[in-house]
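Note on naming: letters A, B, ... go to the chains in the order of the sequence lines (proteins, then strands), and numbering restarts at 1 for each one. Note that these values count all heavy atoms, side chains included, but never hydrogens, waters or copies made by symmetry.
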Protein chains: 2
Amino acid sequence: MKTQGKQGAVPSKPRRKRLSPEERRGQIVAAARSLFAAEGTDNVSMRKIAKRVGITQAAIYQHFENKEAIFFVIIEGFFAELLAALETAIAEETEPLLRLRRSMRAYIEHGLSRPEEYRLVFMTPMSGLARAGLAVPRTDEARNTPSKGSLSFDVLDRAVRDVALAGRTRYADTDLLAEAAWAAMHGIVSLLITHDQFPWTDRERIVEFQLDLVFRGLLHDKCPMRQALAGTF
Amino acid sequence: MKTQGKQGAVPSKPRRKRLSPEERRGQIVAAARSLFAAEGTDNVSMRKIAKRVGITQAAIYQHFENKEAIFFVIIEGFFAELLAALETAIAEETEPLLRLRRSMRAYIEHGLSRPEEYRLVFMTPMSGLARAGLAVPRTDEARNTPSKGSLSFDVLDRAVRDVALAGRTRYADTDLLAEAAWAAMHGIVSLLITHDQFPWTDRERIVEFQLDLVFRGLLHDKCPMRQALAGTF
DNA sequence: CTCCCTAAATAAACACTGTTAGGTAACTGA
DNA sequence: TCAGTTACCTAACAGTGTTTATTTAGGGAG
């Protein structure tokens with residue numbers, strides 16, 4: 001409410017353009033996602049997102065309740081693509097053991113290809129994860145409205161179970177086997193992400209070796225495929 | 001410089017007490033550490049620490065350059081105790097395989113007993129870790145001033161190497177073996193910490209199973225101790 | 001015992017964060 | 001052309017880490 005009326009030359013009031021809610025939502029999520037990848041999970045502020053989109057920070061709250069709500073959408077996307085990757089991995093292979101191995105590779109590669117999102121999903125305290133559903137995949141409530149996250153875990157769980165059904169595991173508790181497999185995968189992915197300064201040996205060999213580890217642990221000693229699954233090591 | 005002089009009854013000017021730098025530093029670190037455990041890594045602000053200690057937030061900067069500097073001290077403590085735990089584990093067992101197994105249990109138990117500090121050390125982006133030295137344990141600079149962090153990794157590295165020297169591993173690259181072992185341990189610890197809502201099977205069994213996994217992966221198939229090391233599974 | 005000087009503590013401000021309230025104006029349908 | 005809806009903006013809130021200038025406590029020297 002200062003002196004200037006509506007001259008237009010004074011660069012104080014950038015005339016607004018109005019977009020459809022869907023379009024703006026898309027812009028906001030896209031901006032947030034690319035800021036993630038570029039500057040890391042922590043350095044994503046509402047102001048930065050807004051500036052990237054070309055609006056004010058407050059305008060975001062027209063489309064998202066929270067900052068967390070934006071993250072939630074990103075997480076959903078992450079899980080949707082993870083689920084897709086796991087399902088194609090499974091579709092491309094019928095043999096249970098090789099199928100499990102492929103799924104695990106898919107998980108690892110997906111995580112390593114989206115380090116900042118992986119960090120957000122699996123390493124931040126808050127985390128949208130609980131609400132994304134992965135954290136409680138075996139409860140009834142979560143099963144009623146299965147999220148992409150819980151479905152992703154289910155794919156792995158089923159792959160493990162199929163191996164057990166084929167009579168090849170040395171232990172019957174498939175829950176335990178699936179958890180161990182998940183932990184092994186998460187171990188490499190998260191360490192490679194957080195400690196990228198560490199003088200790791202070749203990344204590809206680490207992944208292969210870790211998968212070997214899991215399979216030697218899963219299978220009973222007389223399984224005929226043990227050698228075949230243990231690649232070069 | 002308001003009206004009140006030095007009545008003493010008015011609760012406005014809490015007369016300051018002056019402490020020795022060492023004592024204050026200790027108070028600050030202790031407050032920060034207990035706030036960690038109580039309210040989680042993120043909810044530790046300078047104001048909260050200061051209030052806990054009974055001083056102003058700015059007073060902290062007399063003793064620490066940064067917030068990160070406080071965390072750094074906490075991390076050092078975490079690594080110092082980890083190193084101690086690893087060394088007693090090694091001292092109590094001479095047989096290389098059992099020794100490695102004990103060290104790994106020590107790592108896991110230490111992490112699970114200090115979840116928030118583990119989170120800070122191994123899962124936060126910043127992280128003091130790089131400066132704590134673990135991130136670059138094999139470079140010359142870091143070797144010249146070995147931190148407790150890099151020493152901790154070295155203990156595990158040496159334990160793995162001893163197993164290899166005993167001719168029991170199925171692979172010669174001990175760096176790779178150590179990395180895989182670390183990843184397997186970190187996998188369970190970090191997942192158990194971040195996903196405490198997840199309906200895990202019994203924690204003790206998970207740990208045991210994961211250790212089995214690593215050992216079956218490390219040892220060559222004809223190793224006479226394979227069965228002995230694979231406990232109940 | 002007094003003085004004084006170092007430095008531990010303070011108050012006040014900086015720039016930043018997420019979030020909210022209320023006003024303005026752009027588009028939509030009549 | 002004229003509402004009505006609502007996307008957007010401005011301004012402010014409380015919180016964050018950090019810096020500056022100022023006060024004052026406490027120990028050493030005279």
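The pair A:Glu116-A:Arg33 does not meet the salt-bridge criterion, since no charged nitrogen lies less than 4.0 angstrom from a carboxylate oxygen. Look at B:Arg105 and B:Glu208 and you find a salt bridge, because one of the NZ, NE, NH1 or NH2 atoms lies within 4.0 Å of a carboxylate O, short of that distance. A salt bridge does not link B:Arg158 to B:Asp154: none of the charged side-chain nitrogens sits closer than 4.0 Å to a carboxylate oxygen.
When the side-chain nitrogen and oxygen atoms of B:Asn66 are compared with OP1 and OP2 of D:dT18, one or more of them lie within a distance under 4.0 Å. The phosphate of D:dT16 (OP1 or OP2) has a side-chain N or O of B:Ser45 nearer than 4.0 angstrom.
Rounded to a whole Å, the CD1 atom of A:Ile55 is 9 Å from the C1' atom of D:dA7. The nearest whole Å value for the distance from the CG atom in A:Asn43 to the C1' atom in D:dG17 is 14 Å. B:Phe71 places its CZ atom 9 Å from the P atom of D:dT18, with the value rounded to the nearest Å. Atom C1' of nucleotide D:dT18 and atom CD1 of B:Ile70 are separated by 12 Å, given to the nearest angstrom. Protein atom CZ of A:Phe64 is 12 Å distant from nucleotide atom P of D:dC8, rounded to whole Å. Nucleotide D:dG15 holds its C1' atom 12 Å from the NZ atom of B:Lys67, rounded to whole Å. Distance, B:Glu23 CD to D:dG27 P: 12 Å, rounded to whole Å. The separation between B:Ile28 atom CD1 and C:dA8 atom C1' is 11 Å, rounded to whole Å.
When each of A:Val44 and B:Leu19 is assigned the nucleotide of DNA chain C with its nearest heavy atom, B:Leu19 is the one assigned upstream, toward the 5' end. Annotation: of the two residues near DNA chain D, A:Gln57 and A:His63, the 5′-most nearest-nucleotide partner is A:His63.
Heavy atoms of A:Val53 sit nowhere under 4.0 angstrom from any nucleic acid atom.
No donor-acceptor contact under 3.5 Å links the side chain of B:Arg47 to the base of D:dG15.
Proximity of B:Val73 to B:Arg25: side-chain heavy atoms (C-beta onward) are separated by under 4.5 Å at one or more points. Using a 4.5 Å heavy-atom cutoff, the side chains of A:Val44 and A:Lys48 are not in contact.
Closest approach to the A:Arg18 side chain among C:dT19, D:dT6, C:dA9 is made by D:dT6 (side chain taken as heavy atoms from C-beta onward). Picking from C:dA7, C:dA11, D:dT6 the nucleotide with the shortest atom distance to the side chain of B:Gln62 gives C:dA7. In the set D:dG17, C:dA9, D:dT19, the nucleotide with an atom closest to the side chain of B:Ala59 is C:dA9. For B:Arg24, taking side-chain heavy atoms from C-beta onward, the closest of the listed nucleotides D:dT10, C:dA9, C:dT19 is C:dA9. Closest to the side chain of B:Tyr61, from the set C:dA8, C:dA9, D:dG17, is D:dG17.
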